[in-house]
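Below you'll find the structure, written out as structure tokens, and then a few comments.
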Amino acid sequence: MPLSLPFVRAFRIVRDLLDKEVIMHIYRTHTCGALRKEQAGLEVRLSGWVFRKRDHGQLLFIDLRDHYGLTQIVVYPESPFFEDCQKLRLETVITVTGQVKMREPETVNPGLPTGEIELVAATFSVQGSCEPLPLYLSGTEEEAGPEETRLKYRYLDLRRDTLHRNILLRSSVIASLRRRMIGHGFNEFQTPILTSSSPEGARDYLVPSRVHPGKFYALPQAPQQFKQLLMIAGFDRYFQIAPCFRDEDARADRSPGEFYQLDIEMSFVTQEDVFAVVEDVIHGVFTEFSRQAADKPPFRRIAYQDAMLHYGSDKPDLRNPILIQDVGDVFKDTGFKVFRSVMEKGGVVRAIPVKGIAGQPRSFFDKLVEHAQSIGAGGLAYLVWGPEGVKGPLAKFMTPAEGEKLVAKCGVGTGDVVFFVCDQEKNASRIAGDIRTKLGRDLDLLEKNVYRFCWIVDFPMFETDEETGQLAFSHNPFSMPQGGMDALMTQDPLTIKAFQYDIVCNGTELSSGAIRNHSQDVMVKAFELAGYTREDVESKFPALFQAFKFGAPPHGGIAPGVDRMVMLLAGESNIREVIAFPMNQKAQDLMMGAPATVTEKQLRELHVKVNLPQPKKEPGV
RNA sequence: GGGGGCGUAGCUCAAUGGUUAGAGUCCCAGAUUGUCGAUCUGGUUGUUGCGGGUUCGAAUCCCGUCGCUCCCGCCA
């Protein structure tokens, strides 16, 4: 059917108009970060948010902001819309058309990339009006408002410069990780989000099945088994920016519910092969996105046992110069009864040497002793190497020979102090580690502007469960025990180490990984030691159990936390500052109102009946 | 599940158990021609989280409770 004449005529009119306007997009010809003195004289159109307004009565400045930057708009009182602009509320979305003008030299703003020019408004329109804001957007993070409000109005908070840049940094980091992994010959995979519950590990998020009454999917805590199965499928090198779901309580550096890992798995590799890839990728990303110095590969390797001894932690902050020492041999014949009796019961003595703090006032030492007691230490002895010799509560029990040994072991001299923790080994490590961290922080001893990386290696395969006294996996049950089947058959299980490793940056654990066990026999034996029967293993890990029978390659991997990496790169101490739409500490999304109740109909379809806990008693009844 | 901190105007915070709970900011009105967190003048804004108690009198002290946050537990 031919087009009617009126339609053709109308079409021509529209086309002619468009032709005239063809250089002018209806919203913008440039972004708010684009204009420079080179564009002076040009007729342009900008759209963005009214960030700030400076009203001089006969002259009005508007800072127009978009994703790309800020441009100063000038409105003169001759403009028919001058009064409308005076009344504009901040964060209104507007479109402004006009000429780019060079600023007078004395009015240039050197703090702004677009500070040499301004846009003189000739036409103006409102695209999106704005009510008074619940948040203050142009201030600092602290001025932004309470976190509850920030989370509820997250889309507003995300306009703030720091948060906006953090989210962009995250985007760039992830793009870079992908590029680097692909460069190392890895392929990216997707693995199921609706999967089955795994018996080990954290609590699962469950999803009821409509089709299978009474049955549930679980969201993956990590794609652990899938990535191993991809290795068995022969794909050789796997990676994924993988969402992981764990129903565990939050911390400042741990988002509740969900988080992302750079999940990696490789076939036919040793631990060192995994380290080489990860070191290259991590060092690359940290030097790409931060001006802070970052340790160059190879990163330090510290055996788990040494980490616990010298740092009192399996995630040591190497920026802290304090090195804990075992000084049991110094005190083996000590006259100090407290140490003696603890050591007779198998305890240890740990020394925490600190340089140059002999001049601290008495209150400093008293407060530290108090702190030590608050975290479960019996006490905190110390020696001060002052100008008039060695002093402190322990001094009168020390022989000159013991003093010399101590000086040699701890490398201390005049002006230095050594604190002593005496307890059973596990406690002594924990307390000494806590005090090391506290001293480092309180005395400002940490190296500045540097990322210190290390690998913690040789984790024990098993540990004793403190509640049950039973042998349990200390980390990942899929790890290869060092010594293989032989070790499982002949060694004391508590002495068996695993090819299990952590990568740590500035005291933050970025990731755990392992060379996996890929033999069914070893799997069964390892689980047997941890109290599982062959049938348990077969029913709980049906895929891996079967797959190990059909030609499984040796393989291993790791999964650095993406959120934590971005956190370190952004210099943020709270993980919510690097997540676009985070949940609060109680795992609620205040913006979307999740979790929420659902309708009876939905529950019926899912064959789910809600069994609520008893409501708490009303107060004052 | 346990412990600490916080809770006063939309927001940031102040207020010795004692006058009508204040200031900055936001918002509203006015002034203002070169600002860039513009400035100046004036104004509105309150269930002091909620519920009890002590007291002549409570934002303030006590008890409980709720919310947020940090930590412990938990996180193969």
Side-chain angles (χ1 to χ4, degrees), chain A residues 51-64 70-78 82 86-87 89-91 101 103-112 114-115 118 130-153 156 198-204 221-222 224-225 244-257 259 374-376 430 434 459 461-463 465-467 472-479 498 500 509 512 514 526-527 530 532 540-541 561 573-574 576 584-586 588 590 616-621:
Chain A
F51 186 55
R52 277 194 282 261
K53 236 173 42 181
R54 292 173 293 280
D55 181 357
H56 292 251
Q58 297 302 305
L59 178 71
L60 174 66
F61 298 103
I62 294 170
D63 286 343
L64 196 66
L70 205 70
T71 300
Q72 175 163 288
I73 312 290
V74 194
V75 188
Y76 291 107
E78 303 84 71
F82 184 78
Q86 284 185 309
K87 286 179 191 147
R89 210 172 263 144
L90 298 186
E91 295 302 306
K101 275 245 171 84
R103 295 200 200 181
E104 296 300 319
E106 64 274 15
T107 65
V108 163
N109 182 351
L112 215 58
T114 61
E118 59 197 8
C130 185
E131 289 189 7
L133 296 162
L135 294 174
Y136 179 56
L137 297 188
S138 60
T140 62
E141 211 156 293
E142 295 78 46
E143 291 169 327
E147 191 159 27
E148 201 177 341
T149 316
R150 293 180 54 199
L151 289 173
K152 185 172 173 191
Y153 298 96
L156 295 180
S198 125
E200 295 281 329
R203 275 185 294 273
D204 286 312
Q221 297 185 17
Q224 180 67 33
Q225 295 184 67
C244 303
F245 305 89
R246 294 178 193 174
D247 185 4
E248 294 297 338
D249 290 337
R251 288 290 182 276
D253 65 349
R254 197 168 80 202
S255 191
F259 60 96
S374 78
I375 57 167
R430 177 180 64 81
D434 184 292
F459 277 84
M461 183 85 188
F462 301 99
E463 64 187 10
D465 187 310
E466 282 188 13
E467 277 175 32
F473 290 111
S474 65
H475 280 77
N476 186 322
F478 304 115
S479 301
Q500 162 91 43
E509 182 192 318
S512 274
F527 274 87
Y532 298 83
K540 284 173 175 168
F541 309 101
S573 56
N574 193 308
R576 289 187 289 273
N584 68 9
Q585 204 187 22
K586 295 237 168 77
Q588 294 166 302
L590 299 176
K616 284 177 185 168
K617 277 186 195 161
E618 285 297 315
V621 175

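Keep in mind that what you see is a predicted model, and the values were worked out from it rather than measured. Chain letters run A, B, ... following the sequence lines, proteins first and then strands; every chain starts at 1.
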Quiz item: Do A/Phe245 and A/Phe259 pass the ring pair (Phe, Tyr, Trp, His ring centres under 6.0 Å) test, and can you show the C-alpha distance, the side-chain angles, and the key distance before you say yes or no?
Solution: CA-CA 7 Å; A/Phe245 305 89; A/Phe259 60 96; 8.5 Å; no
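Listed candidates were B/A38, B/U69, B/U33. Nearest to the side chain of A/Arg54 is B/A38. Distances from the side chain of A/Gln585 to the nucleotides B/C70, B/A38, B/U35 place B/C70 closest. Here the nucleotide nearest the side chain of A/Asp249, chosen from B/G34, B/G1, B/A38, is B/G1. Nearest nucleotide to the side chain of A/Asn584, out of B/U69, B/U32, B/C28: B/U69. Of the candidate nucleotides B/G34, B/C70, B/A38, B/A38 has the atom nearest to the side chain of A/Arg52. Listed nucleotides B/C36, B/A38, B/C75 differ in distance to A/His56; the shortest reach to its side chain belongs to B/A38. Between B/U32, B/C71, B/G37, one nucleotide has an atom nearer to the side chain of A/Arg251 than all others, and that is B/C71. For A/Lys586, the listed nucleotide lying nearest its side chain is B/C68; candidates were B/C68, B/U35, B/U32.
Atom C1' of nucleotide B/A38 and atom CD1 of A/Ile62 are separated by 14 Å, given to the nearest angstrom.
Contact between the side-chain N/O atoms of A/Arg89 and the OP1/OP2 oxygens of B/C28 is found at a separation under 4.0 Å.
Under the side-chain contact (heavy atoms from CB on, under 4.5 Å) criterion, A/Gln58 pairs with A/Pro77, not counting sequence neighbours.
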Pairs under 3.5 Å (N/O, protein and nucleotides 42-45 of chain B):
none

Practice problem: Convert the base pairs of RNA chain B into dot-bracket notation, remembering that pairs crossing earlier ones are written with [ ] and that bases paired across to another strand are shown as |; include only Watson-Crick or G-U pairs under 3.5 Å. | Solution: (((((((..((((....[...)))).(((((.......))))).....(((((..]....))))))))))))....
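If you check the side chains of A/Arg54 and A/Gln72, you find a donor sitting under 3.5 Å from an acceptor.
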